[in-house]
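Here's the structure, in structure tokens; my notes come after.
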Amino acid sequence: MNTDFVIYNTLSRKKEVFKPLFEGKVGLYICGPTVYSNSHLGHARPNITFDLLFRYLTFLGYKVRYVRNITDVGHLEDEVEGSGEDKISKKARLEQLEPMEVVQKYMNSFHHNMGQLNVLPPGIEPRASGHIIEQQLMIETILKNGFGYENNGSVYFDVEKYNQLYKYGKLSGRNLDDLKTNTRELEGQSEKKNPFDFALWKKASPEHIMRWPSKWGEGFPGWHLECSAMSTKYLGEQFDIHGGGMDLIFPHHECEIAQSTASLGHETVRYWMHNNMITIDGQKMARSLGNFITLQELFTGKHKLLKQAYTPMTIRFFILQAHYRSTIDFSNEALLASEKGLERLMNAGKTLDELSASEKSTVDIPLLKEKCFAALSDDLNSPIAIAHLFDGVRIINSVKAGTEKISADDMTELKSFFHSVVFDILGLKQEQTTHLGESEILKGTVELLIRLRQEAKANKDWATSDKIRNELNSIGIEMKDTKYGVDWKIKAPPGLPEGEECASNKKENFMFGR
RNA sequence: GGUCUCUUGGCCGAGUGGCUAGGCAGCGGUCUGCAAAACCGUGAACGGCGGUUCGAAUCCGCCAGAGACCUCCA
């Protein structure tokens with residue numbers, strides 16, 4: 001493979017050939033979650049996108065230092081003086097928990113969900129709360145360099161001053177004049193020189209429970225500082241790639257650039273990558289908009305918008321079927337299409353192991369492979385790569401059917417290619433179909449019925465065998481004869497109103513016979 | 001209001017100045033006692049109006065619609 005790996009750099013708004021700072025090594029920093037509630041479908045997107053990036057870089061032979069932070073200090077909900085309260089402490093009050101208990105709970109839940117989605121853990125997962133000193137030191141440097149000012153126990157970044165030497169707004173394509181006219185004036189911003197200045201350190205009000213001592217008084221770090229401090233600590237004063245959601249471009253990443261530049265005198269990030277949003281009815285899915293579906297809800301089907309449960313791999317495949325810089329619109333139809341498509345892809349993987357080789361190939365495996373990797377190297381074009389995989393699926397099935405032939409060498413090549421792309425790079429996996437909550441009694445009963453039906457079939461007693469299948473179907477158990485045996489699953493029980501909690505689509509691929 | 005992006009067949013989604021995206025659904029077939037599944041094959045699209053061009057869905061302009069950011073957000 002000689003193709004260059006090209007990535008879209010938000011900073012230049014162009015695709016650029018990726019050249020790491022140090023030969024063979026990549027420093028990668030991803031903005032992780034703020035852990036104050038369960039992860040939703042929207043969170044799956046950056047994590048899967050950058051998991052794909054990490055996996056692909058690794059596949060290309062790079063040694064990747066992969067850092068993804070956990071925000072556990074809490075960003076301010078608003079800046080209204082006196083009522084400033086961060087998300088984590090607010091949640092803590094509601095749930096009567098220690099802030100760190102909340103953090104732990106949702107961090108665990110996040111890790112669990114990521115594991116289900118087969119998202120690989122980063123090499124370093126630093127927490128903002130564990131890097132207060134680093135953040136304070138950075139503030140001191142920024143103050144020393146003249147880009148910040150202290151007022152009433154809080155420290156702010158002086159954007160105007162910064163803009164005189166550097167350009168504030170280069171990542172998001174803004175200029176300060178526009179910001180001056182368009183930044184909303186919020187109440188109680190009298191501490192700031194300008195409304196677009198942002199906090200580096202914020203004085204904690206008496207009721208604020210997350211607080212640390214500092215030379216400016218008790219308080220907590222500003223919202224953007226942790227990423228600047230921690231990325232520098234673990235990846236150095238300059239590193240290759242920084243990723244995150246598009247909604248973080250402004251102000252979060254813009255502020256990061258300003259902070260890093262103000263303290264170091266130069267920028268730290270070489271390539272900025274941003275994933276687009278998941279939409280629902282055409283609108284961004286977000287916690288603040290209340291239109292989100294948690295991953296847990298998706299996996300269990302317990303949400304009023306869900307017609308059924310979707311497995312983690314279906315979600316992963318759904319996300320990979322769109323390019324990361326496009327929006328994807330959520331719908332049951334789209335997810336169902338992904339579920340079916342994924343099944344087809346995975347079945348082909350199994351079929352691949354059953355193929356027999358011929359003298360010569362009638363199919364072009366090297367070309368397939370080349371096209372697929374070209375797509376991945378073109379700014380991680382996973383939908384195109386998947387389209388080529390489906391060409392591979394057709395080849396596999398056609399060879400199986402005898403309408404195409406494949407040589408032994410090509411078959412080895414195809415197997416290795418298929419395995420690399422599907423499992424190692426796209427990070428898909430064969431899902432263990434489990435019986436979520438289904439009782440052993442039910443399982444035993446269905447197995448008994450299957451056995452009775454097999455016997456009826458053996459006797460060509462079609463009346464009985466159809467009766468068993470049809471009546472099970474009418475009470476909500478679907479039975480299918482496959483070439484490997486009998487496949488059954490519980491489908492949505494009839495008569496349940498839309499959105500009612502039900503054990504729909506708990507897939508049970510119990511293979512009976514053979 | 002400012003900045004930016006998008007508008008593709010029934011649905012989801014790629015891509016491109018002339019050459020099949022792909023998946024799902026539909027349709028036709030193979031297989032099967034039947035059904036389903038599986039597999040093979042297949043029709044169908046580029047918001048509207050102008051312009052540039054031998055040729056535009058792809059480039060430019062205008063219009064319409066949708067969205068993102070401008071406050072926390074993945």
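In the text below, chain A, chain B and the rest are named by the order of the sequence lines, each starting its count at 1.
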For [N] and [M], measure between their [atom1] atoms and round to the nearest Å.
{"N": "G28(B)", "M": "G15(B)", "atom1": "C1'", "answer": "29 Å"}
{"N": "A21(B)", "M": "U16(B)", "atom1": "P", "answer": "13 Å"}
{"N": "U5(B)", "M": "G17(B)", "atom1": "C1'", "answer": "22 Å"}
{"N": "G26(B)", "M": "C62(B)", "atom1": "P", "answer": "44 Å"}
{"N": "G18(B)", "M": "C24(B)", "atom1": "C1'", "answer": "30 Å"}
{"N": "A57(B)", "M": "C19(B)", "atom1": "C1'", "answer": "15 Å"}
{"N": "G55(B)", "M": "G65(B)", "atom1": "P", "answer": "32 Å"}
{"N": "A44(B)", "M": "G67(B)", "atom1": "C1'", "answer": "28 Å"}

What nucleic acid atoms does [X] come within less than 4.0 Å of, heavy atoms only: base, sugar-phosphate, or nothing?
{"X": "Gly173(A)", "value": "sugar-phosphate"}
{"X": "Ser465(A)", "value": "base"}
{"X": "Ala387(A)", "value": "base"}
{"X": "Ala322(A)", "value": "sugar-phosphate"}
{"X": "Leu336(A)", "value": "nothing"}

- Are the side chains of Glu256(A) and Leu225(A) in touch, meaning some heavy atoms are under 4.5 Å apart? no
- Task: Using a 4.5 Å cut-off on heavy atoms from C-beta on, say whether the side chain of Pro221(A) contacts that of Glu226(A).
- Result: no
[X] vs [N]: side-chain N/O to OP1/OP2 distance below 4.0 Å:
{"X": "Thr351(A)", "N": "C39(B)", "value": "no"}
{"X": "Thr34(A)", "N": "A74(B)", "value": "yes"}
{"X": "Arg394(A)", "N": "G23(B)", "value": "yes"}
{"X": "Arg174(A)", "N": "C69(B)", "value": "no"}

So does [X] reach the base of [N] with its side chain, donor to acceptor, closer than 3.5 Å?
{"X": "Lys400(A)", "N": "C39(B)", "value": "no"}
{"X": "Arg469(A)", "N": "A36(B)", "value": "no"}
{"X": "Asn381(A)", "N": "G15(B)", "value": "no"}
{"X": "Arg325(A)", "N": "C6(B)", "value": "no"}

Shortest side-chain distance from [X], nucleotide among [options]:
{"X": "Lys284(A)", "options": "G33(B), A74(B), C70(B)", "value": "A74(B)"}
{"X": "Gln283(A)", "options": "G67(B), A14(B), G22(B)", "value": "G67(B)"}
{"X": "Arg13(A)", "options": "A68(B), C4(B), A74(B)", "value": "C4(B)"}
{"X": "His323(A)", "options": "A14(B), C34(B), G23(B)", "value": "A14(B)"}
{"X": "Asn347(A)", "options": "A38(B), C70(B), G13(B)", "value": "A38(B)"}
{"X": "His43(A)", "options": "C72(B), G13(B), A74(B)", "value": "A74(B)"}
{"X": "His40(A)", "options": "C40(B), A74(B), C72(B)", "value": "A74(B)"}
{"X": "Phe390(A)", "options": "G33(B), G22(B), C12(B)", "value": "G22(B)"}

[N] [atom2] sits how many Å from [X] [atom1], rounded?
{"X": "Asn276(A)", "N": "C12(B)", "atom1": "CG", "atom2": "C1'", "answer": "15 Å"}
{"X": "Leu289(A)", "N": "C69(B)", "atom1": "CG", "atom2": "C1'", "answer": "13 Å"}
{"X": "Phe330(A)", "N": "A74(B)", "atom1": "CZ", "atom2": "P", "answer": "19 Å"}
{"X": "Asn397(A)", "N": "C31(B)", "atom1": "CG", "atom2": "P", "answer": "17 Å"}
{"X": "Tyr310(A)", "N": "C12(B)", "atom1": "OH", "atom2": "P", "answer": "14 Å"}
{"X": "His252(A)", "N": "C70(B)", "atom1": "NE2", "atom2": "P", "answer": "13 Å"}
{"X": "Tyr324(A)", "N": "A68(B)", "atom1": "OH", "atom2": "P", "answer": "20 Å"}
{"X": "Ile278(A)", "N": "A68(B)", "atom1": "CD1", "atom2": "C1'", "answer": "15 Å"}

- Item | Upstream residue (5' side of RNA chain B) when Ser338(A) and Glu333(A) are each assigned their closest nucleotide |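 Checking each residue's closest nucleotide, the 5'-ward one belongs to Glu333(A).
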- Query: How do Ile328(A) and Lys340(A) order along RNA chain B: which one's closest nucleotide is nearer the 5' end?
  - Reply: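 Counting from the 5' end, the first nearest nucleotide belongs to Ile328(A).
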- Query: Between Asp51(A), Asn47(A), Thr311(A), which is the residue that forms a side-chain hydrogen bond (donor to acceptor under 3.5 Å, both in side chains) with Arg316(A)?
  - Reply: Asp51(A)
- Flag as yes if Trp462(A) stacks onto the base of G33(B) (centroids under 5.5 Å, planes under 30°), otherwise no. yes
- Geometric cation-pi criterion Arg174(A) and Phe196(A), 6.0 Å radius, 45° cone: no
- Query: Yes or no on salt bridge (Lys or Arg N to Asp or Glu O under 4.0 Å) for Asp72(A) and Arg127(A), after CA distance, side-chain angles and deciding distance?
  - Reply: CA-CA 6 Å; Asp72(A) 62 349; Arg127(A) 291 164 63 172; 2.9 Å; yes
Should [N] form a Watson-Crick or G-U wobble pair with both distances under 3.5 Å, which nucleotide is its partner?
{"N": "G61(B)", "value": "C49(B)"}
{"N": "C4(B)", "value": "G67(B)"}
{"N": "A56(B)", "value": "none"}
{"N": "G41(B)", "value": "C27(B)"}

Check for me whether the distance between the ring centres of [X] and [Y] falls short of 6.0 Å.
{"X": "His224(A)", "Y": "Phe198(A)", "result": "yes"}
{"X": "His274(A)", "Y": "His253(A)", "result": "yes"}
{"X": "Phe5(A)", "Y": "Tyr56(A)", "result": "yes"}

- Message: Can you give me the closest heavy-atom contact between His252(A) and Cys227(A), atom names plus distance?
- Response: NE2-SG, 3.5 Å
